Amino acid sequence: MTDSAQPLRRVVLVDGSGFIFRAFHALPPMSSPDGIPVNAVYGFCTMLMKLREDTRPDHMAVIFDTKGKTFRNDFYPAYKAHRPPPPEELIPQFGLIRDAVRAFNLPSIELEGFEADDLIATYARQAEAQGAHVIIVSSDKDLMQLVTDRVEMFDAMKNRTIRAAEVMEKFGVAPNKVIDVQALAGDAVDNVPGVPGIGVKTAAQLIDEYGDLDSLLERAGEIKQPKRREKLIENADLARISRDLVTLKTDVPVTHPVDDFDLLEPDPDVLLAFIATHGFKSLAAKVKAKYSGTVDANGLTEAGTGVNDVSVTKAQYELVQDEERLKHWIAQADYEGTLAVDTETTSLNAHQAKLVGISISIKPGEACYIPLGHGLGDDDVAPVATGAAQGGFDFDSEPKEAAPAKDIPKQIPLKRAIELLKPLLEDRGILKVGQNIKYDKIIFARYGIDVAPIDDTMVLSYVLDGTSHGHGMDELADLHLGYKTIKFADVAGSGKKQITFDQVPLDKALDYAAEDADITLRLHRILKPRIAQEHMASVYETLDRPLVPVLAKMEGIGVKIDADILRNLSSDFATRMAVLEKTIHEMAGEPFNLGSPKQLGEILFEKMSLTGGKKTKTGAWQTGADVLEGLAAQGHDLPARILDWRQLSKLKSTYTDALATHINPKTGRVHTSYGQTNVNTGRLSSNEPNLQNIPIRSEEGRKIRTAFIADKGCKLISADYSQIELRLLAHVAEIDALRTAFKNGEDIHASTASKVFGVPIEGMDPMVRRKAKAINFGIIYGISAFGLANQLGIPQKEAKAFIEAYFEIYPGIRDYMERAKDFAKTHGMVRTLFGRKIYINGINDKNGMRRSFGERAAINAPIQGGAADIIKRAMIAVPDALTDAGLKTRMLLQVHDELIFEAPDDEAERAVKVIRDVMENAAHLTVPLIADAGIGNSWADAH
DNA sequence: AAGATCACG
DNA sequence: GACGTACGTGATCTTC
């Protein structure tokens, strides 16, 4: 890469993963202002500060483990297999500690498949070979084998240097014999077997006597003690495997040589923003003293530090058309550690879009655009069966050489650009920022790149501001930067004349695309610090950020739909609609458009003079289902037939016809898109197509679910939370009677009915249970007597009495409601259990109706939002749990309280166990969480 | 582009 | 005392 600016003399390698665990256990619990635990992060920051002072390195890096399997598991699966999961309070700190490294402007290094120890070993030897002195900041005994004349360790917590003498003390041998001793003694914690019955003491003695492990095993027969001799002979292979396990790899294919780790000064503003906003006050003072940061009394960075300087100079936007320039940009991005990235494609649909270009920004105002698919002609994308799953891309069929050469601008071949960008975009130490980066992740995944780690300005904006405003880039740029972006329509036109991006001339494409990346980076610099300042780190770091890759994966996989079943249903519905239409026209005495509420209203209430008609606020007759049901109950046939027709019409147009058009020809599956920033309460939404409102309540509608099928050799699993919102209500409102009922596994509606109406559960009238169920739901929605009366078709007075009785049975509900309303009135928002802010519109409106609306929303939001948080936690944890269990089951869909999976036939049962376990433990409340699950060949079957 | 309707949790 | 109301979405169709 880049030449080292400084000679390599003194290298500090920090074992980040080791440190975080020790700091966590050594330091008392600390919370950042928003309540997430930060003791390990604090310890880490003070350590880094001190280390820079004390060790005065010229090169420095922090190295981390990656989660998941390493090469050691390939030859010894049990290696580190029984590690308990990290403590709950430590989990959010893993991400923050990486942020801390970046804030200190240090390289953060990790590599999948290798432990931090192997990377440290590789770098230590690299540096040593160049004659440098190396300090490994760790107290891990597994690293002691690396100690030499030039390599020492430093225990930052005990302030103790570890050299050959200290290693001798620990292992009884010189550092170069440590491996042999470990191979014999083994390690219970890491599941390194060693030789049974031999501990460190004996091992050291043996190695001392025989020289090394191989000689010892060879001459094991000479050992005098019979027990020891037998054990050694018997377990020679175990000792050799153990040696392989404990031997650190010194030739890891690292992406950055040690020369790249020049020590850089941190940007005081960035560092102070990080430190101050996590509440590290004393540390902030130290940093301020050392660097001249512009920090005001509140610990917030002042404006005018360049962040809001939005004079975008196009001169710094570069069109990258050759490999050399691309390599230059990659090296720069590598150096910065953070980049904004944006893809330009031929379609808003990420599952069929063709990549046209990539823009990257590494500093505000500095961005490039890399055109890759301009002027290459129309959609000659990969042919259908590429063999690549998930609509994968066939590079070899692209570009189509037949296109006239003169129209094709100079561009780096797509395949080559992908090859060059892949290490950068997958580098765990480099943060990739995107605006709606889920889209770009799906695109890149189709070209074989797994973009990580990520930040998303759209999600940041959502977590911070809820749905008080939109989160589109144009809107955010205007709002936060006062900057008007170039609109897509400005470069591609609009309406019928709109062209796809591959046809946009390069100069215009550059202006537009580079600006997108530039603005994204600028927005990130404004929004990211606010996360900590406004105490939203927990929500962002543990819920919404980790959810992004999960959703991208689910969308990429999609769900299989049987088009034949849909076609048959469509034609069945069409026939029956035609019959109904004829009948209705005859009954009406004239033909009219059944789909027109306006015409229907006139027929019903004017021509036929039916009574009970009401008008909407726009003066049209109401013809909703409730009105028609009322008329039908009076014995009128026409409205009843209309209801039948409407049901079929809805099913046909919205489902059986429409779903088929969403089947992706390349994958044969339907790929929805989840909206992560659309719903005020924190729920997801689903669109194009919406797979969260597939019919189930009616017999006819349910048939549509038979078309959602499992892939060949697979089953579908549906797992849903039982009564999650009521359980959450019982928890947050602290309703003992309700909590007890859930703990005892009672039928909650029957239990409520029994208490409210004073009847035994045994032999209960179903109508009574139905009433209780309606009240239970009503409570969640912010009940009113009117609403309940309407729902149950009973007088308002009666409904009011029910509600009063309910409040008597469950005292505390009323308190909860009042608390929620008061909180919303004071703060303009309410919070979920996990700290998500939900802004409540109209809560202080002087219009009574709008205010009541806000009040009901304030009651509902913590419950609906809390349930959404819980299932998000489950969604983040389930895929890893399945992988850890060695299963191939994939998560496909989420429907608010339900998750759908596709599992190979022979593992479905095992997958269900894992899924339920994760879902039920996604949160620990004062009521149990229960997830029910079913297995079937179709969604209808599995439910 | 808005409103009505209706599918889901 | 009368308003009007269950909470949260997205898709389709008609009408303007």
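From a predicted model like this one, the values you see are computed outputs, not experimental measurements. Here is how names work: the chains are called A, B, and so on, in the same order as the sequence lines, proteins then strands, and each is numbered from 1.
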- Given the rule in the side chain to side chain donor-acceptor pair (under 3.5 Å) test, do A/S686 and A/T672 qualify, once you have shown the distances and angles that lead to the verdict? CA-CA 6 Å; A/S686 158; A/T672 184; 2.8 Å; yes
- Would A/Q692 and A/S685 count as a side chain to side chain donor-acceptor pair (under 3.5 Å) if you check the C-alpha gap in whole Å, the side-chain angles of each, and the deciding distance to 0.1 Å? CA-CA 8 Å; A/Q692 289 181 323; A/S685 69; 5.7 Å; no
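By the 6.0 Å contact criterion, NZ on A/K825 is enclosed, its count of non-hydrogen atoms from other residues, nucleotides or ligands being greater than 12. Open room surrounds CG on A/L348; 12 or fewer heavy atoms of other groups in view lie less than 6.0 Å from it. Counting non-hydrogen atoms of other residues, nucleotides and ligands closer than 6.0 Å to CG of A/D747 gives a total above 12. In the displayed structure, A/K487 atom NZ is contacted under 6.0 Å by more than 12 heavy atoms of other residues, nucleotides or ligands. Around atom NZ of A/K615, more than 12 heavy atoms belonging to other residues, nucleotides or ligands sit under 6.0 Å away. Within 6.0 Å of the CD atom in A/E590, the count of heavy atoms belonging to other residues, nucleotides or ligands exceeds 12. The environment of CD in A/Q622 is crowded: more than 12 heavy-atom neighbours from other residues, nucleotides or ligands sit within 6.0 Å.
Counting only heavy atoms from C-beta outward, the side chains of A/I779 and A/I813 approach each other to under 4.5 Å.
Lacking a ring centre under 5.5 Å from that of the base six-membered ring together with a plane angle below 30°, A/F853 does not count as stacked on C/dT5.
Among residues at least two apart or in separate chains, there is no salt bridge (charged side-chain N to carboxylate O under 4.0 Å, His left out) pair with a member in residues 929-943 of chain A. Each side-chain hydrogen bond (donor to acceptor under 3.5 Å, both in side chains) pair with one or both residues in residues 465-476 of chain A, not counting sequence neighbours, appears once here: A/S461-A/H471, A/D465-A/H469, A/D465-A/R530, A/T467-A/N680, A/D474-A/T485.
Side-chain atoms of A/R576 never come within 3.5 Å of backbone atoms of A/L648 as a donor-acceptor pair (strictly under, hydrogens ignored).
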- Item | Per-nucleotide protein contact string for nucleotides 1-9 of chain B, where B marks a base within reach and S marks sugar-phosphate only (heavy atoms under 4.0 Å, - for neither) | ---SSBBBB
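Of the candidates C/dT5, C/dT12, C/dC7, the closest approach to any side-chain atom of A/A857 belongs to C/dC7. In this structure, of C/dT9, C/dG4, C/dA11, it is C/dG4 that holds the atom nearest to the side chain of A/S852.
Among the protein residues, A/S653 comes within range of the sugar-phosphate backbone only, with heavy atoms under 4.0 Å from sugar or phosphate atoms but none that close to a base. Across all strands shown, A/D720 has no heavy atoms under 4.0 Å from either base or sugar-phosphate atoms. Within the nucleic acid shown, A/A658 comes within 4.0 Å of sugar-phosphate atoms alone, with no base atom in reach, counting heavy atoms only. Using a 4.0 Å heavy-atom distance criterion, A/G778 is classed as a base contact.
Aromatic pair A/F802/A/Y806: centroids not less than 6.0 angstrom apart.
Nucleotides B/dA4 and C/dG4 have their P atoms positioned 14 Å apart, rounded to a whole Å. Comparing the C1' positions of C/dC3 and B/dA7 gives an interatomic distance of 30 Å, to the nearest angstrom. With P as the reference atom, C/dA2 and B/dC6 are 31 Å apart, rounded to whole Å.
Within the 4.0 Å cut-off from OP1 or OP2 of C/dG10, at least one side-chain nitrogen or oxygen of A/N678 is found. Proximity of A/S686 to the phosphate of C/dG10: no side-chain N or O atom is located under 4.0 Å from OP1 or OP2.
A/T623 and A/R646 share a side-chain donor-acceptor pair at under 3.5 Å.
One can place OH of A/Y462 at 12 Å from P of C/dG8, the figure rounded to the nearest angstrom. Nucleotide C/dG10 holds its C1' atom 16 Å from the CG atom of A/N680, rounded to whole Å. Between A/Q894 atom CD and C/dG8 atom P the separation is 18 Å, expressed in whole Å. We find that CZ of A/R856 is positioned 9 Å from P of C/dT5, with the value rounded to whole Å. If you take CZ of A/F592 and P of C/dT15, they are 12 Å apart, rounded to a whole angstrom. Rounding to whole angstrom units, CG of residue A/D845 and P of C/dG4 are separated by 15 Å. Rounded to whole angstrom, the span from the CZ atom of A/F777 across to the C1' atom of C/dA6 amounts to 12 Å. With rounding to whole Å, A/H662 atom NE2 is found 11 Å from C/dT12 atom C1'.
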- Bracket string, DNA chain C, 5' to 3' - pairs by Watson-Crick or G-U geometry under 3.5 Å, | interstrand: ......|||||||||.
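Nearer the 5' end of DNA chain C, as judged by each residue's closest nucleotide, is the contact made by A/E688, out of A/E688 and A/Q599.
DNA chain C lies under 4.0 Å from at least one heavy atom of each of the following residues of residues 788-802 of chain A: A/L788, A/Q791. Residues from residues 823-836 of chain A that place a heavy atom under 4.0 Å from any atom of DNA chain B: there are none.
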